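This one's a predicted model, so the numbers in the text were calculated from it and none came from an experiment. Per chain, numbering begins at 1; letters A, B, ... match sequence-line order.
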Amino acid sequence: MAKVHVSTTVNGQPMDVLVEPNDSLLDTLRDGLGLTGTKEGCATGDCGACSVMLDGRLVCSCLVLGAEAEGKTIDTIEGVADGDGLHIIQQKFLEHAALQCGICTPGFIVAAKALLEREPNPDETTIRYWLAGNLCRCTGYDKIVRAVQDAANELASPA
Amino acid sequence: MAEAVDLKAIGTRPVRPDGVEKVTGRANFGADLNLPGMLHGKILRSPHAHARIKSIDLSGALAVDGVLAAISGEDIPGGGDLGDNVLANEKVLYHGHAVAAVAATSAYIAEQALDQIQVEYEVLNPVLSIDDAIADGATLVNESQHTNGDTSQPASNIAAITKFERGDIDKGFAEAAVVAEGEFRVPTAHQGYIEPHACTATINEEGKATVWCCTQGQFDVRSMTANCLDKQVSDIRVIPSEIGGGFGGKTTIYLEPVAVKLSEISGRPVKMVMSREEVFRATGPTSATLCRVKVGAKSDGTITAATAWLAYEAGAYPGAPVGPGCMSVLAPYELENFKIEGHDVLVNKPKVAAYRAPGAPQSMHAMECAIDDLARKLEMDPIELRLKNAADEGTIAPYGPQFPAIGLRACLEAAKVHPNYTTPPAEGQGRGVAVGFWFNIGMQSSAEIRIAENGAVTIMEGSPDIGGSRASMCLMAAETLGIPYENINAHVGDTEATGYCNTTGGSRTTFATGMAVIEACEDIIAQCKERAALTWDLDVNQVDWEDGQAVPKPGVNADVKPLSLADIARSAGRTGGPLLGRASLNAQGPGASFSVNWTDVEVDRETGKVDVMAFTGVQDAGRAIHPSYVEGQMQGGAVQGLGWALNEEYIYDANGVMENAGFLDYRVPVTSDMPMIDTQIVEVPNPSHPYGVRGVGETPIVAPLAATSNAVRDALGFRINDLPLSPPRVLAAIDENE
Ligand code: FES
Ligand code: FES
């Protein structure tokens, strides 16, 4: 099968990559571009470990074809800390011990950031439903929800 | 043992040393490694649950462009059952059993090549349940399996029977005023770690292999892989990646010998990553079980006798966790008369692997449901009934040893006055209580402490960090050395970089590897005192170590300034060379951990759906080194237990094909299913650990099963014995009872 040439923007940088027609965006990021921060837990859209932003929308990158990234803007976990240190959500995940093994963490952070950009002051139920597409088998979610609540509070009233 | 009041670092909640790597996506997990020239390996799996392999022809696969190697069972010469599970030999024993493997220049080519492998099968009847397996005339999973190896008896699917007995149960039941009993089934559940198994292997012309993989134990991967390939452990180096969850499921191997063999044939590195479907069909899970229990008590609540008949599915090879199931079923109670009998039963399903407190959740679900029924019959508070009979220091555990200081009573007392318990459940909700227990293990660990020229401390140890253990190692080192946590980092070494450590499992890491870290720090302190004595021209007996510095002992007449670790490190070249501390041990006295859980549920009588409205866990941690990670274990274990209680189960069709091999249909709890999980840590120090640590990781999954069953019983007014309490089962039970 002939590979497809894709020009895309990842974390603000223009990038070119050759993809197999049946590669997912997740494969393209991980194998084509070496951005292994985005994880595969299922490849069927059920776990959220592969969460990325595609033109500003939260998607499971395992459900998008790599070829579909042509001309699009993609933001991944590698772009969340923007050079001025960690993003507040990353900081709160650390302070609240909201990760144990950490395999789900990139997906949760990308998803939580998308939530707070849309809904700066979510209540617990909103957080729980927004993050319902991200599986974590280690934490029982309690500390993740608290980390997101705390990040929202701090974003609302910077210390 | 250090007193709680003296502790400076232990009990604080700093950020873990590997945290930044993990929140930025930098941390490398099993599937994140790529090597130049690497091939991709894929596995052909059995389409049958039980069949004889008549022939395998790999030539079609080898003819595919881009395929560089193909192997089958005969290429994995050793390993016994383990090797046979890695690649089947004479028979395939479950649907998804690995039969052959190929390595190719891309994963797509490898997958296509699998279709070109010709396997001829003679299909056999599958054995799919305990009832079928133990029935007279049952099809045999393994024709040469005899119960407990007794070849004077006919072959059987019961691989082993275990018994524990004490006292006189007839007399005990005769003394009982009330008796509760029942038969309880718990389904197969998977560990459900989010990271699928992955490894990359390469082998050089001298036969030296290197394996990168996600595992709970690099040393076990080394010995198991060596075994399967008839190699020496010294021929294989295993480098553990970060690990994306394991819960016991990554204490064994599936891919590693295959990847090494494919690399040996192709001369190229080979990477293998399982799909989620393969994870469900061919790894993990834990046993489905059938438990019959009976318990009797006097009218004052004193338990007089209990029996437990347990049968655990082992999957295709012996080794169900029925031993620990037997040992834990009555562990929380002091009683004179009991009889426990456990059966390890072969069925045509995947070989079970350890899952968090292996064996205890199932048997204790049955017994804790019966104890709840007993409390109802006695009209006693369920916590009071347990307090009345609670095992305590000095109790001879049903499995033999005498308990040293344990925290069951302290947990029950804490639960009794907890505001979440003294407040009754909301109108229409039911509440259920249960007790959990796990033995915990000690075993072998090694640790090295290296001091940099600026006094910074590096811990090198061999226990893969599955949930924050680097942070607890650093905290124990900070406490012991008397220096700030921030000056310490911890690394998990590969099999060549660090001393031997048993697998991260049995809740042993903070206890046993922690103990090695503490002893290695003590070694550093002893060396620092010697260096200071040399510098000051004093006898080493005249030097103390205080708050991270060497100081002359009180009363010693020396006009010197204290020497910090950094001072001593800076001049180490002049006092005998670099500072390197080490310790290795076989840790004894791990200290059992008990818990009390209760949950409030609401049952929708229209749909049968059970909603968890509140959950509280109280558990003895001995000493919480990093309380956030202790709470995290309690919360994560609780939610795994709740998932098992409410929804998780392997569903098989009549041919033994799992019908729900994905996260869509094997439904683990998601964020919106759960409430906050309240926790209270109780600290009854473990006398065998310098800071009183008990393992905490496994106990939390045990009690939620029965707590949920008991809560649903309370809400509905009748009991549903079997799990999961999924909407169809609950709805059917409601229809039947109304
Ligand atoms: S890997 Fe994409 S949702 Fe699981
Ligand atoms: S921290 Fe392990 S899956 Fe979430």
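For the pair B:Arg16 (side chain) and A:Gln100 (backbone), a donor-acceptor distance under 3.5 Å is present. Under a 3.5 Å cut-off, the side chain of B:Ser672 and the backbone N or O of A:Ala132 do not form any donor-acceptor pair. No side-chain donor-acceptor contact under 3.5 Å links A:Tyr141 to the backbone of B:Ile677. Between the side chain of B:Tyr108 and the main chain of A:Asp23, a donor-acceptor pair closer than 3.5 Å is present.
Salt-bridge annotation for B:Glu631 and A:Arg146: absent, with no side-chain N of the basic residue lying under 4.0 Å from a carboxylate O of the acidic one. Checked for salt-bridge contact, B:Asp32 and A:Lys39 meet the test: a charged N lies under 4.0 Å from a carboxylate O.
With a 4.5 Å cut-off on non-hydrogen atoms, A:Tyr129 touches chain B through its backbone and its side chain both.
Between the side chains of B:Tyr666 and A:Asp46, no donor-acceptor pair is found at a separation under 3.5 Å.
Taking 4.5 Å as the limit, every side-chain heavy atom of B:Thr24 sits out of range of all side-chain heavy atoms of A:Val80.
Taking SG of A:Cys101 as the start and CG of B:Asp465 as the end, the distance is 10.0 Å to the nearest 0.5 Å. Rounded to the nearest 0.5 Å, atoms CD1 (A:Ile144) and CD (B:Gln635) are 10.0 Å apart. Rounding to the nearest 0.5 angstrom, the gap separating the CD atom in A:Glu40 from the CZ atom in B:Phe29 is 14.5 Å.
Among B:Arg26, B:Glu242, B:Arg13, B:Gln633, the residue with the largest count of heavy-atom pairs under 4.5 Å with chain A is B:Gln633.
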